[in-house]
Number of protein chains: 2
Amino acid sequence: MEKNWTPVTAAKGVEQALKIFDGKWKLVIMFHLFGGQVLRFSELEKAIPTITQKMLIQQLRQMEVDGVVRRIVHAQAPPKVEYALTDWGQALCPALDALLKWADLRENHDR
Amino acid sequence: MEKNWTPVTAAKGVEQALKIFDGKWKLVIMFHLFGGQVLRFSELEKAIPTITQKMLIQQLRQMEVDGVVRRIVHAQAPPKVEYALTDWGQALCPALDALLKWADLRENHDR
DNA sequence: CCGTATCCGACTAGATACTG
DNA sequence: CAGTATCTAGTCGGATACGG
């Protein structure tokens with residue numbers, strides 16, 4: 001069945017989608033995890049040197065709640081926690097590609 | 001020729017694209033103008049009753065600078081100014097659709 | 001009709017220090 | 001290793017009043 005969008009509801013729909021990767025670091029994190037990569041907390045820290053621990057954990061938690069990231073805890077000492085994208089998270093890739101493609105179009109319309 | 005993205009540059013690329021419709025009202029405005037609609041300043045105000053004049057003009061100006069909106073001034077009294085999307089602005093539609101489609105996928109992965 | 005100018009509260013992210 | 005807690009500066013949007 002089809003949805004019938006009004007300008008307002010369509011905008012709200014997109015905003016909902018955007019909110020899920022809104023936050024200064026979520027895209028960077030996602031791109032590090034695309035392709036099925038599984039990284040530890042400390043590996044993400046090293047991969048993104050300018051992020052603080054606070055921001056890293058905050059963004060990861062929100063992404064987990066939103067269902068784009070999976071948190072994998074290994075019960076050991078010392079602690080080991082890994083992060084990976086969910087299937088749904090991986091599925092964002094094509095949409096982001098579309099955005100990149102659109103940004104590239106600008107050259108043809110600018111002067 | 002192909003670009004070779006790193007996680008960081010890809011994220012920056014998407015962020016650049018996102019910035020262009022970032023701001024609380026830009027998407028709403030765009031959805032009102034999709035399909036070639038041409039609207040006057042006052043018509044946009046009526047179409048989006050909760051926006052203030054300040055925000056409306058601010059978002060429109062930025063969108064104009066960024067090249068997604070075209071400003072059409074008719075030299076008359078009383079003043080008449082119309083706004084429309086550029087070709088590039090219209091070209092955003094598919095990418096936003098991809099985002100909407102992705103958001104819909106969530107049902108299949110949630111429980 | 002189509003804007004501009006100013007003030008102000010809310011939210012975000014960074015710095016920093018500390019813990020199981 | 002993998003977090004938590006607190007404080008603060010900067011940014012964004014809303015309210016309101018005024019101008020060509």
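Fair warning: this is a prediction, and the values are worked out from it, not measured in the lab.
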For A:Glu82 and D:dC1, what is the distance between atoms CD and P respectively, to the nearest whole Å?
-> 14 Å
Rounded interatomic separation in angstrom, taking CD from A:Gln59 and C1' from D:dG3 = 15 Å
Show your reasoning for whether side chain to side chain contact (heavy atoms under 4.5 Å, CB included) applies to B:Ile29 and B:Leu56.
-> CA-CA 9 Å; B:Ile29 294 170; B:Leu56 181 53; 4.0 Å; yes
Would you mind reading off the distance between B:Leu60 atom CG and C:dT4 atom P, rounded to a whole angstrom?
-> 11 Å
Distance below 4.0 Å between B:Arg71 side-chain N/O and C:dC2 OP1 or OP2 | no
Calculate the interatomic distance between B:Lys24 atom NZ and D:dA15 atom C1'; express it in whole Å.
-> 13 Å
Are A:Arg40 and D:dC1 close enough that a side-chain N or O sits under 4.0 Å from OP1 or OP2?
-> no
Do the side-chain N or O atoms of B:Ser42 get closer than 4.0 angstrom to the phosphate oxygens (OP1, OP2) of C:dC2?
-> yes
Between D:dT4 (C1') and A:Phe41 (CZ): distance, integer Å = 11 Å
Candidate nucleotides C:dC2, D:dC1, D:dA15, ranked by approach to the side chain of A:Pro79 - the nearest = D:dC1
Using atom CD1 of B:Ile51 as one end and atom P of D:dG13 as the other, report the distance to the nearest whole Å.
-> 10 Å
Determine: side-chain N/O of A:Trp25 to OP1/OP2 of C:dG14, distance under 4.0 Å, yes or no.
-> yes
Nucleotide nearest B:Met55 when distance is taken to its side chain, options C:dG3, C:dA15, D:dG13 | D:dG13
In sequence, state the C-alpha distance, the side-chain angles, and the governing distance for A:Leu96 and A:Leu27, and then conclude on side chain to side chain contact (heavy atoms under 4.5 Å, CB included).
-> CA-CA 10 Å; A:Leu96 295 185; A:Leu27 282 172; 4.0 Å; yes
To the nearest angstrom, how far is A:Arg61 atom CZ from D:dG3 atom C1'?
-> 7 Å
How do A:Asp22 and B:Pro78 order along DNA chain C: which one's closest nucleotide is nearer the 5' end?
-> B:Pro78
Considering just the side-chain nitrogens and oxygens of B:Tyr83, establish if one lies under 4.0 Å of OP1 or OP2 belonging to C:dG3.
-> yes
Going by heavy atoms in the side chains, are A:Val68 and A:Trp88 under 4.5 Å from each other?
-> yes
Expected output: side-chain A:Gln90 to main-chain A:Gly35 donor-acceptor under 3.5 Å = yes
Is there a donor-acceptor pair under 3.5 Å between the side chain of A:Lys26 and the backbone N or O of A:Asp22?
-> yes
Any donor-acceptor pair under 3.5 Å joining the side chain of A:Lys54 to the base of D:dG3?
-> no
For the pair made of NZ in A:Lys80 and P in D:dA2, what is the distance, rounded to whole Å?
-> 9 Å
